[in-house]
There are 2 protein chains.
Amino acid sequence: MSASNKALVDPEKLDRLAQVAVSVGLGLQEGQDLVMTAPIVAAPLARRIAEHAYKAGAGIVTTLFSDEELTLARYRYAPDFSFDRATGWLYDGIAKAFSENAARLAIYAEDPMLLANEDPDKVGRANKANSIAYTPVREKITGFDINWTILSYPNPTWAKKIFPNDDEDTAVKKLADAIFAATRVDQADPVAAWKTHNANLHRKTAQLNGQRFHALHFTGPGTDLTVGLADGHEWKGGASLAKNGTTCNPNLPSEEVFTTPHAMRVDGYVRSTKPLSHQGTLIDGIEMRFKAGKIIEARATRGEQVLLKVLDTDEGSRRLGEVALVPHSSPISKSGLLFYNTLYDENAACHIALGQCYSDCFIDGAKLTVEEITARGGNRSFIHIDWMIGSGEIDVDGLDASGNRTAVMRKGEWV
Amino acid sequence: MSASNKALVDPEKLDRLAQVAVSVGLGLQEGQDLVMTAPIVAAPLARRIAEHAYKAGAGIVTTLFSDEELTLARYRYAPDFSFDRATGWLYDGIAKAFSENAARLAIYAEDPMLLANEDPDKVGRANKANSIAYTPVREKITGFDINWTILSYPNPTWAKKIFPNDDEDTAVKKLADAIFAATRVDQADPVAAWKTHNANLHRKTAQLNGQRFHALHFTGPGTDLTVGLADGHEWKGGASLAKNGTTCNPNLPSEEVFTTPHAMRVDGYVRSTKPLSHQGTLIDGIEMRFKAGKIIEARATRGEQVLLKVLDTDEGSRRLGEVALVPHSSPISKSGLLFYNTLYDENAACHIALGQCYSDCFIDGAKLTVEEITARGGNRSFIHIDWMIGSGEIDVDGLDASGNRTAVMRKGEWV
Ligand SMILES: [Zn+2]
Ligand SMILES: [Zn+2]
Ligand SMILES: [Zn+2]
Ligand SMILES: [Zn+2]
């Protein structure tokens with residue numbers, strides 16, 4: 001991070017973002033340790049978060065920094081066998097910290113194009129090896145064993161991707177403003193604003209939970225997809241109660257309501273409406289065909305090789321683990337920006353996720369065994385990758401078991 | 001790291017330092033993973049090291065970055081109980097990586113005064129908790145299970161401490177030059193220079209091993225100390241053969257020859273000749289009295305509270321685990337600089353270490369059990385802290401079991 005960059009990001013709002021991350025995002029409890037991941041470039045935010053976490057009573061805050069140049073060094077100089085390896089010892093350690101009730105915070109601010117020029121075979125293999133080794137961590141996160149949250153920071157390389165026609169300083173400023181707006185820290189009382197927002201999301205999930213649809217039907221340009229919902233599925237959105245008794249907001253921002261699809265009951269075809277930035281590779285123009293829950297055809301106009309490698313990760317990577325509804329008029333969508341960052345783009349559009357489901361998205365999910373979740377239609381995989389299928393042109397219907405329709409969204413808006 | 005700082009450090013020499021770290025320091029083997037620790041400010045060196053490690057065939061290089069501001073945030077804002085906690089999960093993970101044959105590299109470039117203004121009680125407690133949690137890592141390092149090395153980088157806050165009268169840029173340049181000189185990367189062929197240097201150190205250890213002294217006797221201003229040597233001790237220096245079959249140079253620079261004292265046979269008094277920078281606290285004017293191996297009196301003119309806390313870590317922290325001989329004319333000593341960094345200062349003067357011994361410093365050490373090492377006089381502790389007792393005024397004699405004397409050093413130089 002250059003010295004000039006530091007001044008570009010309003011230090012007061014950055015501090016409020018850190019405060020919101022600790023109080024609203026994590027709901028950090030006195031005595032909890034915190035494991036934070038962040039790119040080096042986001043160190044100014046990581047430092048503010050550490051301060052607020054300690055003020056909230058954290059034991060030890062451990063920050064695991066990544067560095068884009070170190071990531072690239074591997075792709076450029078490592079021997080071939082490197083790309084089938086992963087740091088299992090580190091992930092096992094993090095999982096151990098979680099099992100000792102540490103909270104988890106991720107600052108997600110990667111250059112979406114970081115690996116654009118690297119060998120897609122190496123990228124795909126490294127992603128797969130990493131996804132497998134990450135399992136003990138991912139299981140504790142998707143199972144909400146502990147409170148966790150993800151937020152972003154205006155990394156210059158990322159900012160330039162969103163605002164290619166601006167100089168770097170202007171791009172960073174604009175991205176910082178977009179982040180502050182989306183996380184409500186530009187409002188007078190961000191904590192109160194999140195309370196209101198969470199209440200609105202909970203009202204919507206309560207309505208959908210009352211409707212108990214058997215399936216959702218998405219129609220729009222290039223899309224005619226029926227997504228069966230898991231037996232005993234529960235809609236979630238906004239604040240979540242983790243198994244350790246803590247209420248957290250896992251995504252900052254968060255505009256979605258989401259639940260678990262039935263892994264065996266997804267049929268039809270679907271086209272992506274925004275590019276997906278996956279681990280430094282841009283995947284665009286995705287088209288997929290599903291039969292009985294499984295992807296039987298998949299292509300992309302860009303990044304297809306990495307996408308196909310993802311689909312070959314395991315049995316569950318060709319099935320869905322999440323379906324989410326986001327109105328086209330959501331604030332992030334209204335910004336008109338394409339963020340090339342799933343945390344932002346998935347909160348601007350209806351989306352589906354390949355791979356692992358959230359056990360949380362079942363009635364009494366915390367009490368269900370893995371086998372019970374599978375029996376209800378919950379998918380299991382080493383991956384969980386959201387991609388966007390919503391727009392102002394999409395309609396969504398709810399179907400009951402007999403096929404009776406209820407309009408849920410029209411032209412991307414709640415009915 | 002400021003943008004200007006980057007240019008201050010000669011990029012070609014930095015690259016050669018990274019090369020020397022990987023080839024001479026680690027002797028990294030094809031297929032080994034590498035766990036690197038570094039302050040964020042040393043990222044430019046960490047990146048060069050990662051590149052050379054991958055070129056040498058490393059599987060995955062994992063860099064665990066520390067950050068001075070994050071360290072300070074804990075002391076300033078964390079609740080009191082934090083200072084009795086440590087990140088055991090992370091150390092257990094690193095130990096696991098070592099047990100899977102990962103090599104270890106540490107970039108040691110801390111601000112020696114980082115914690116100077118923090119509560120010494122908190123500093124002492126945090127050090128103790130950390131030392132205990134670090135045990136699985138320390139055991140694999142001191143036992144030379146794997147190849148490892150430590151080197152430094154010209155951190156601006158550290159440079160200003162060494163060169164207080166220079167502006168920061170000049171201080172960084174001067175420290176960079178001192179590091180390049182001490183690690184021989186300013187020479188035409190650094191690898192050949194290290195080969196010659198290692199041969200010289202091995203000649204000296206061979207001589208001392210042939211003499212099989214029962215004890216060493218140090219005399220000088222404020223010092224009259226007899227350090228019994230462990231039964232079956234072996235002198236080491238320069239390149240070391242790790243148990244994984246790899247030859248490494250554990251310290252860059254390294255000018256010392258060292259062995260294991262007998263934990264029960266150290267008697268007399270000793271005064272430090274240089275300040276000791278210990279985990280961000282400066283400890284100066286150390287005076288200690290030993291009886292039957294144990295420290296029975298200890299004081300310091302500065303940092304005494306942290307020192308006394310260190311001595312209370314465990315039973316072994318009041319006994320010696322290392323004695324090392326370094327001629328006063330060693331290149332680092334001749335630079336006339338006080339580095340406030342043990343890696344440098346211990347290679348400019350004879351020194352002793354409180355705490356854990358190196359099992360490597362015994363004949364057939366790799367085959368000895370912990371009990372056998374203890375029976376031979378090897379000390380065991382959660383700490384290993386070197387401090388300097390050598391100078392141009394110190395004499396060292398070797399004693400045999402009957403008390404017959406052989407002159408080893410006079411006025412700090414080999415006889
Ligand atoms: Zn989602
Ligand atoms: Zn998702
Ligand atoms: Zn030493
Ligand atoms: Zn030592």
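Sequence lines set the chain letters: A, B, ... in the order given, protein chains first and strands last, and positions in each chain run from 1. Everything numeric in this text was worked out from a predicted model, so none of it was measured.
- Most heavy-atom pairs under 4.5 Å with chain B, from the set A/Ala73, A/Pro79, A/Gly31, A/Ala56: that is A/Pro79.
- With a threshold of 4.5 angstrom between heavy atoms, A/Asp84 does not approach chain B through any atom at all.
- Note: B/Tyr77 OH to A/Lys55 NZ = 5.0 Å, rounded to the nearest 0.5 Å.
- Among the candidates A/His52, A/Arg74, A/Glu100, the residue making the largest number of heavy-atom pairs closer than 4.5 Å to chain B is A/Arg74.
- With a threshold of 4.5 angstrom between heavy atoms, B/Asp80 does not approach chain A through any atom at all.
- Proximity to chain A involves both the backbone and the side chain of B/Ala78, based on heavy atoms less than 4.5 angstrom apart.
- Crowding of A/Lys173 atom NZ: a count of heavy atoms from other residues, nucleotides or ligands under 6.0 Å not exceeding 12.
- Rounded to the nearest 0.5 Å, atoms CD1 (A/Ile40) and CZ (B/Arg47) are 5.5 Å apart.
- Using a 4.5 Å cut-off between heavy atoms, A/Ile94 contacts chain B through both its backbone and its side chain.
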Please step through side-chain contact (heavy atoms from CB on, under 4.5 Å) for the pair B/Leu90 and A/Val35, ending with a clear verdict.
-> CA-CA 10 Å; B/Leu90 182 58; A/Val35 180; over 6 Å; no
Might you work through the side-chain contact (heavy atoms from CB on, under 4.5 Å) test for B/Thr62 and A/Trp89, ending with a clear yes or no?
-> CA-CA 11 Å; B/Thr62 305; A/Trp89 60 268; 3.8 Å; yes
Would you check, one step at a time, whether the test side-chain contact (heavy atoms from CB on, under 4.5 Å) holds for A/Leu64 with B/Leu64?
-> CA-CA 6 Å; A/Leu64 300 168; B/Leu64 300 168; 3.9 Å; yes
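- Rounding to the nearest 0.5 angstrom, the gap separating the CZ atom in B/Phe83 from the CD1 atom in A/Ile60 is 9.0 Å.
- Both the backbone and the side chain of A/Phe65 come within less than 4.5 Å of a heavy atom in chain B.
- Heavy-atom distances place both the backbone and the side chain of B/Thr63 under 4.5 Å from chain A.
- Each of B/Ala43, B/Ala50, B/Ala46, B/Ala97 has some count of heavy-atom pairs under 4.5 Å with chain A, and the biggest count is that of B/Ala97.
- Shown here for A/Gly59 and B/Ser82, the closest heavy-atom pair between the two residues is O-OG, 2.6 Å.
- Top candidate by heavy-atom pairs under 4.5 Å with chain A, chosen from B/Arg85, B/Glu30, B/Arg76, is B/Arg85.
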